[in-house]
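Working notes, beginning with the structure itself.
Atoms within a ligand are numbered from 1 in the order they appear, just like the ligands themselves.
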Amino acid sequence: MTQVLSVASEAFPLVKTGGLADVTGALPAAVAPHGVTMTTLVPGYPAVRAALGDARVLHRYDNLLGVEAQLLEAQLGSFPLLVLDAPALFQRSGGLYCDSHGVDWADNWRRFAALGRAAADLASGLLADRKFDILHAHDWQAAMGAAYLQYSPLAAASRAASIVTIHNIAFQGRFDRAIFDFLGLPPHAYSIDGVEYYGGVGFLKAGLFTADAITTVSPTYAREIRMPEFGMGLQGLITTRQDSVSGIVNGIDPAIWNPQTDTDLVKRYTIATLDDRKANKRAIETGFNLSPGDGPLFTVVSRITWQKGMDVLAGELDALVAAGGRLALLGAGDAALEAQYRAAVSRHPGRIGVAIGYNEKVSHLLQGGADAILIPSRFEPCGLTQLYGLTYGCVPVASRTGGLADTIIDANDAAVAAGAATGILFEEVTGERIRDSIHRTIALYEQPSVWRGLQRQGMRGDFSWQRSGARYAALYRGLSERAPF
Ligand code: ADP
Ligand code: GLC
């Protein structure tokens, strides 16, 4: 058995702000069939503490980057979970990364350096009865784990190998030079070959420099991040480390996302009973104050941000309605953009319905009842909502980037004729392209047999973790042959 410590700032169902949580929540089960035991380490936010009940204390820190902390033992479903309980860092109301006004917590550097420090300690044999072959750190919040391992006084032979997975290179954990003195790293770590990044400290940069392997969440994004427009300052480092970078596409958890068993749906269905989706469509119409009808119903389930192209889409809502479409949108994010969507509801009552906020249950209903899901992302490392759409017969209409390009087959004439098409892809996130795609989607929708073909082909696809679980396991094995335990 390969022993892996997976470290992340969120994991479904404990805490989730986006796809990262879906992935870290699903990974233990994804790799288990391939001879991997995965233990997950997350911070002890209030929601996590509340879910734990009485947990055993495995280790106490008197001073973990200046605060008291302890490591608690729990379960994530049927898999082992460790919680870094540090009340001074994580017990507070507000978001995981920001306060209730959306401002980043000023001590984020300390919060996530502490997470990395604890991860590196665990991966260096802190607990006598738990040895790890691999430290798998997700995104900037965990990336310092790899750096702390690299600079640990322990010989390489007595510590785990490390992997950093990039779920989104836009979020880098960049801080002022002044924090370096509090990180507890040797002075030489502040260098271009260490944690230094553009005159400050870069957590993701540090992790990417020091990790034994780097992965990201789709093959296309793995290529894209070598270019300045996607690499966001890290393209040089990614290119230098190219031989250690691989793209492994995310899967979806069939226990949570399956239209046949999904209890969040009004009516469950299969590939053979797609007409039953209508009951879910009716429920969406009611819930989003839309006038009922059989015409095309688009949905959006997304962070309302620039990354997701939500600014451009907001400019095309009148066109969507003029073309005969309706829209039910669920999302939260940029306040100015949220206001634009609310304004569209006033302009088009009955045609556009908007729910600002986060609602797991409604996100399932939208996939189970809307006809098409719009995903006009400027970049998308993997994307999960198109995978849920494909699985639920909610046809994705998306930009050809990152994981969207890797998982959707565009309904061009040849692909439709061959029965291979699963969605609609467009090349550039501009108003014109989005408008064209909406028109294309509606034209396809108006050909019922073609539309059914798209839905069914999507539903036949294998978006399970089967293949990707095996790929992670192979990567772990390859690295652990170089590692100690
Ligand atoms: P990202 O992680 O970049 O936001 P993904 O497509 O990988 O994008 O994952 C987004 C996840 O968050 C999906 O599980 C999606 O259903 C969920 N999600 C996004 N916005 C909301 C919302 N407002 N309410 C409920 N779920 C949401
Ligand atoms: C990030 C990316 C998204 C990806 C998710 C899980 O949030 O933006 O594309 O699906 O991580 O890997």
Atom 12 (O) of ligand 1: which of Glu10, His167, His364, Lys16 has the nearest heavy atom? Lys16
Gly383 N/O under 3.5 Å from ligand 2 N/O: yes
So is Gly357 close enough to ligand 1, meaning a heavy atom under 4.0 angstrom away? yes
Note the single closest protein heavy atom to atom 2 (C) of ligand 2, along with its residue, its atom name and the distance in Å. His167 O, 3.0 Å
Proximity of Leu20 to ligand 2 by residue part, where a heavy atom lies under 4.0 Å: backbone
Ligand 1 N/O within reach of Asn168 N/O, cut-off under 3.5 Å: no
For a quick test of reading the model, state the closest non-hydrogen atom pair linking Asp275 to Arg452 and the distance between them. OD1-NH2, 2.5 Å
Determine the minimum heavy-atom distance between Leu115 and Ala8, stating which atoms define it. CD2-O, 4.0 Å
Counting heavy atoms not belonging to Glu432, are there more than 12 under 6.0 Å from its CD? no
Lys308 near ligand 1 by a heavy-atom separation under 4.0 Å: yes
Heavy atom under 4.0 Å from ligand 2: found in Asn250's side chain, backbone, both, or neither? side chain
Counting only heavy atoms, tell me which of Phe379, Tyr388, Tyr358 gets closest to atom 22 (C) of ligand 1. Tyr358
Main-chain N/O of Arg110 paired with Asp107 side-chain donor or acceptor, under 3.5 Å: no
Distance-only N or O hit between ligand 2 and Cys382, under 3.5 Å: yes
